[in-house]
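One structure below.
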Amino acid sequence: MIKIKLEGCNSFVKPGEYAAYMKKAFDAFDVLRDENGAGNDFLGWKALPSETPESLISDCEAIRDAWKAKGVDLVVVIGIGGSYLGAKCAVEALSHAFVRPAGRPQVVFAGNNLSEEYLAELMDLAKMRNTAVIVISKSGTTTEPAVAFRIFKEYIEQTYGKAEAAERIVAITDAKKGALKTLSTQEGYKTFVVPDNVGGRFSVLTPVGLLPIAVAGFDIRAMLKGAAEEREALLVKSEDNAAIRYAAMRNLLHTEGGKAVEILVTYNPKLTYLAEWWKQLYGESEGKDGKGIFPASVANTADLHSMGQFIQEGSRVMFETVVSVGKSQREVVIGSDAQNLDQLNYLAGQHVEHCNAMAQLGTQLAHIDGGVPQMEVAIEKIDEANLGAIFYFFEFACGISAYVLGVNPFNQPGVEAYKKNMFALLRKPGYEAQTEAILKRI
């Protein structure tokens, strides 16, 4: 389902280089396929689209139906990083930008920041609505979601009572251990399991993503089917494999071309959070051991009026990967105007999406001329199946690319550094020595 175009890189690649990096990518593909590389204990995501049990899908749909029967019109999803970005991406991409359809709850996200104003304003909304909560955390002790859940748990219990709260709170957590698992058992919450062999940034096709997407009213069966079809295509070792080609070219541009930054470019605001999800996937998977391609993003055409100048003529440290959409799901045609003061009559009768496509093509050509290589990743349209496919494509390509780069794609040792400092500054028990050391520095 996913198509990739590399022609926009041709003028930046020397003869023979691409073939050499395809060989590296084929070798990395073998490592990923055979599951004998670094981090191979976290490869459960590879089989998810094809092996997700019917019972799990049905359980997600049962929560959706039960909350609909209760009249729930606000679902607060509490999680951070991989525990919310995939679901946020899908809900934003599939939802009407301005209108919530009757019978579907509004799905909002908490626990991804420590802003007091954000939480207070979200509580304002919850008090006006019929609210339920999905809390996502393997441990239950990650600070941002734990703070948010403590506040919302108290509110749900005070508003609906303890017994009803157990019907309105669902936990997605570890199968056997951790604070959230213990609490869920004590309180009688319905629970879903975060598989031990799936890291957070690869978890969108587990209950972490599937439950919020289902509750929002979207077809998770179609999403899994699209991902499964993409999986079948990507498991074929060939010159046409889109994930192998993408991994080869991005590493070639980085290592031989000196490009330190990859910009994911979207031309539909519905895909803004696809870029946010992608940035975590690649940033956390590749940014270690002093290596990595820095993942950035722009949302065009809006960002052409803010970042366009830098991309066109700034330091030549970047390449772009453009996510293109074959067809719009809606139609808006530009009309004619007798006065033509805006000088747009030459566009009369044209679809707005045609203008968007020409802006995309014109920008790609201009950026190539300005020294910015271009790749294009194409989907047919924005729907559940295509989102499932692009989720799986980027995940699979990430594993190959990181192995080409020479890093373990599935660990993230550096994310603990800020936490230790934060805990020390908050004077968490057990961090007294670190507190004293930090106070001497500030």
Any salt bridge between [X] and [Y], counting N to O under 4.0 Å?
X: Asp174; Y: Lys181; result: no
X: Asp59; Y: Lys190; result: yes
X: Glu395; Y: Arg201; result: no
X: Glu353; Y: Lys327; result: no
X: Glu164; Y: Lys70; result: yes
X: Lys162; Y: Glu187; result: yes

Taking [atom1] in [X] as the centre, count heavy atoms belonging to other residues, nucleotides or ligands within less than 6.0 Å. Is the count above 12?
X: Lys225; atom1: NZ; result: no
X: Glu54; atom1: CD; result: yes
X: Tyr418; atom1: OH; result: yes
X: Gln329; atom1: CD; result: yes

Parallel, tilted or perpendicular: rings of Tyr189 and Phe149 (30°, 60°):
perpendicular

Test: [X] cationic atom under 6.0 Å from [Y] six-membered ring centre, within 45° of axis:
X: Arg150; Y: Tyr155; value: no
X: Lys88; Y: Tyr273; value: yes
X: Lys237; Y: Phe29; value: no

Do [X] and [Y] have a side chain donor and acceptor closer than 3.5 Å?
X: Lys138; Y: Thr173; answer: no
X: Ser401; Y: Arg250; answer: yes
X: Asn340; Y: Asp337; answer: no

Nearest 0.5 Å, what's the CZ-CH2 distance between Phe202 and Trp45?
5.5 Å

Can you list the residues that meet the ring-ring contact (aromatic ring centres under 6.0 Å, His included) rule with Phe310, with sequence neighbours excluded?
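Result, ring-ring contact (aromatic ring centres under 6.0 Å, His included) vs Phe310: none returned.
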
Side-chain ([X]) to main-chain ([Y]) donor-acceptor, under 3.5 angstrom:
X: Asn345; Y: Ser336; result: no
X: Tyr392; Y: Leu224; result: no
X: Asn300; Y: Tyr267; result: no
X: Lys291; Y: Gly287; result: no

Applying side chain to side chain contact (heavy atoms under 4.5 Å, CB included), run through Val77 and Ile136 and close with a yes or a no.
CA-CA 8 Å; Val77 178; Ile136 306 167; 3.8 Å; yes

Which residues pass the side chain to side chain donor-acceptor pair (under 3.5 Å) test with Lys259, sequence neighbours left out?
none

Please identify which of these residues, Glu262, Gln374, Glu376, meets the side chain to side chain donor-acceptor pair (under 3.5 Å) condition with Thr321.
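When Glu262, Gln374, Glu376 are each tested with Thr321, the side chain to side chain donor-acceptor pair (under 3.5 Å) holds only for Glu262.
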
Phe12 and Phe319: aromatic ring centres closer than 6.0 Å?
no

